[in-house]
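This is a predicted model, so every value here is computed, not measured. Every chain is numbered from 1, with letters handed out A, B, ... down the list of sequences.
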2 protein chains.
Amino acid sequence: MKLTELKAIQLAELFSALSDASRVRIISLLIEGEMSVSALAEDLKMTESAVSHQLRGLRQMHLVRARKAGRQVFYSLDDDHVYRLFSLGLDHIQHG
Amino acid sequence: MKLTELKAIQLAELFSALSDASRVRIISLLIEGEMSVSALAEDLKMTESAVSHQLRGLRQMHLVRARKAGRQVFYSLDDDHVYRLFSLGLDHIQHG
DNA sequence: TGAATAGTTGAGCAACTATTCATATAAATG
DNA sequence: CATTTATATGAATAGTTGCTCAACTATTCA
């Protein structure tokens, strides 16, 4: 499979979005359903600022989507590719 | 999906292995079949040292496997999870 | 055995990343 | 309007990563 340099970079960027344990845990929570920034922060025992910074990256990669409701922002998974990548990854680390 | 901290770290490490354009291009070449370090280096226009460093990481994550033949070392994909992660990733960046 | 070839490895450095802290914005509340 | 609450953002910093270079190991061949 011959990849253009551009596609290689884009693929690497996609996987980079999942290459940090904090982001992985954020995704794992969002698989259950949408959550606000502060709920994520509390659950993950991270500051809201740190969570917000990470969500920004995930948003830019179109892995999560934001819905504003009053002063809260609820995040959810943007499409099911994310969930499938996640499951495949789990398969690999479990019996790999 | 509630993840243990350990699994979150392992998942992040797996995706980290694919989070660099050089490694992505290495994988994309190995999808076609096994290749020696120097063949990879030539194809990717990287030094053999740089390729070798990257292959080490991929080996440690069990994404590639090494077969020694004389003084050459041929690398190939370790299992089909890699290919499937790769394809899903491509799906995402193409119509995501 | 000695020279050449294929690959690995460790140190060092530049570039990047994740977090914290302080500050800013925006919406609800009094 | 002023205050509080929820989130976002920029700068600073500590830690990580990917490359190069030099040195090393292992194998082949003369």
Side-chain angles (χ1 to χ4, degrees), chain A residues 3 5 8-30 33-76 78, chain B residues 3 5 8-30 33-76 78:
Chain A
L3 279 192
E5 178 63 12
I9 291 172
Q10 290 177 329
L11 252 189
E13 281 172 350
L14 169 62
F15 289 120
S16 296
L18 300 169
S19 71
D20 170 83
S22 299
R23 287 191 295 272
V24 163
R25 294 193 303 153
I26 288 172
I27 299 283
S28 81
L29 288 172
L30 296 184
E34 70 173 13
M35 283 178 81
S36 70
V37 177
S38 50
L40 284 167
E42 185 179 8
D43 216 311
L44 301 171
K45 294 188 167 61
M46 292 171 63
T47 66
E48 296 177 16
S49 176
V51 172
S52 186
H53 275 294
Q54 295 296 15
L55 286 168
R56 185 193 218 196
L58 292 171
R59 231 187 303 130
Q60 282 171 348
M61 288 308 301
H62 301 104
L63 297 185
V64 304
R65 177 187 346 179
R67 175 178 75 82
K68 204 165 179 183
R71 56 192 146 184
Q72 298 189 86
V73 179
F74 290 93
Y75 281 86
S76 56
D78 197 342
Chain B
L3 278 192
E5 177 64 13
I9 291 172
Q10 290 177 328
L11 252 189
E13 282 172 350
L14 169 62
F15 289 120
S16 296
L18 299 169
S19 71
D20 170 84
S22 299
R23 287 192 295 274
V24 162
R25 295 193 304 153
I26 288 172
I27 298 284
S28 81
L29 288 172
L30 295 184
E34 68 173 16
M35 284 177 80
S36 70
V37 176
S38 49
L40 283 167
E42 185 179 7
D43 215 311
L44 301 171
K45 295 190 166 59
M46 292 171 64
T47 66
E48 297 181 13
S49 175
V51 172
S52 186
H53 275 294
Q54 298 294 17
L55 286 168
R56 187 192 217 199
L58 293 171
R59 233 188 301 128
Q60 282 172 347
M61 287 310 301
H62 301 104
L63 298 185
V64 304
R65 179 190 343 188
R67 176 177 73 83
K68 206 163 180 186
R71 57 192 145 184
Q72 299 189 87
V73 179
F74 290 92
Y75 280 86
S76 55
D78 197 340

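- Between Arg23(B) and dG18(D) there is a side-chain polar atom (N or O) within less than 4.0 angstrom of OP1 or OP2.
- For Val37(A), the listed nucleotide lying nearest its side chain is dT7(D); candidates were dT27(D), dT7(D), dC19(D).
- The side chain of Ser36(B) lies closest to dG7(C) when the candidates are dA8(D), dC21(D), dG7(C).
- Atom CG of residue Leu30(B) and atom CG of residue Asp78(B) lie 11.0 Å apart, to the nearest 0.5 angstrom.
- Rounded to whole Å, atom C1' of dA18(C) lies 14 Å from atom CG of Leu44(A).
- When both distances must be under 3.5 Å, the Watson-Crick or G-U wobble mate of dT4(D) is dA27(C).
- The two residues Leu58(A) and Ala17(A) have their closest heavy-atom pair at CD2-O, 3.6 Å.
- A sub-4.0 Å separation between OP1 or OP2 of dT20(C) and a side-chain N or O of Thr47(A) is present.
- One finds the CZ atom of Arg23(B) at 10.5 Å from the CE atom of Met61(B) (value rounded to the nearest 0.5 Å).
- Using the Watson-Crick or G-U wobble rule with both distances under 3.5 Å, dA30(D) pairs with dT1(C).
- Here the P atom of nucleotide dA6(C) and the CG atom of Leu40(B) are 14 Å apart, to the nearest Å.
- Residue Ser16(B) is classed as having no contact, given no heavy-atom separation below 4.0 Å to the nucleic acid.
- The side chain of Ser49(A) contributes no N or O atom lying less than 4.0 Å from OP1 or OP2 of dA8(D).
- Nearest-nucleotide assignment on DNA chain C puts the 5′-proximal partner with Asp20(A), out of Gly70(A) and Asp20(A).
- Contact record, Val37(B) with Glu48(B): CG1-O, 4.0 Å, taken as the closest heavy-atom pair.
- Under the stacking criterion of a centre-to-centre distance below 5.5 angstrom and an interplanar angle below 30°, His53(B) sits stacked against the six-membered ring of dT9(C).
- At the phosphate of dT19(C), OP1 or OP2 sits under 4.0 Å from a side-chain N or O atom of Gln54(A).
- The NZ-P distance, from Lys45(A) to dT19(C), rounds to 16 Å in whole Å.
- Look at Arg65(B) and Glu34(B) and you find no salt bridge, because none of the NZ, NE, NH1 or NH2 atoms lies under 4.0 Å from a carboxylate O.
- Rounding to whole angstrom units, CE of residue Met35(A) and P of dA6(D) are separated by 14 Å.
- Not one side-chain nitrogen or oxygen of Arg56(B) sits closer than 4.0 Å to the OP1 or OP2 atom of dT8(C).
- Distances shorter than 4.0 Å separate some side-chain N or O of Ser38(B) from OP1 or OP2 on dG7(C).
- In the set dT7(D), dT20(D), dA6(C), the nucleotide with an atom closest to the side chain of Arg71(B) is dA6(C).
- Neither OP1 nor OP2 of dT9(C) sits under 4.0 Å from any side-chain N or O of Ser52(B).
- At whole-Å resolution of the value, CD in Gln60(A) and P in dA18(C) are 12 Å apart.
- Computed from coordinates, the Glu48(B) CD to dG10(C) C1' distance equals 18 Å when rounded to whole Å.
- Using a 4.0 Å cut-off, no side-chain N or O of Tyr75(B) falls inside it from OP1 or OP2 of dA6(C).
- Panel note: side chain Ser16(B), backbone Ser19(A); a donor-acceptor pair is recorded below 3.5 Å.
- Distance, Leu55(B) CG to dA6(C) C1': 13 Å, rounded to whole Å.
- Rounded to an integer number of Å, the gap from Met46(A) CE to dA8(D) C1' is 14 Å.
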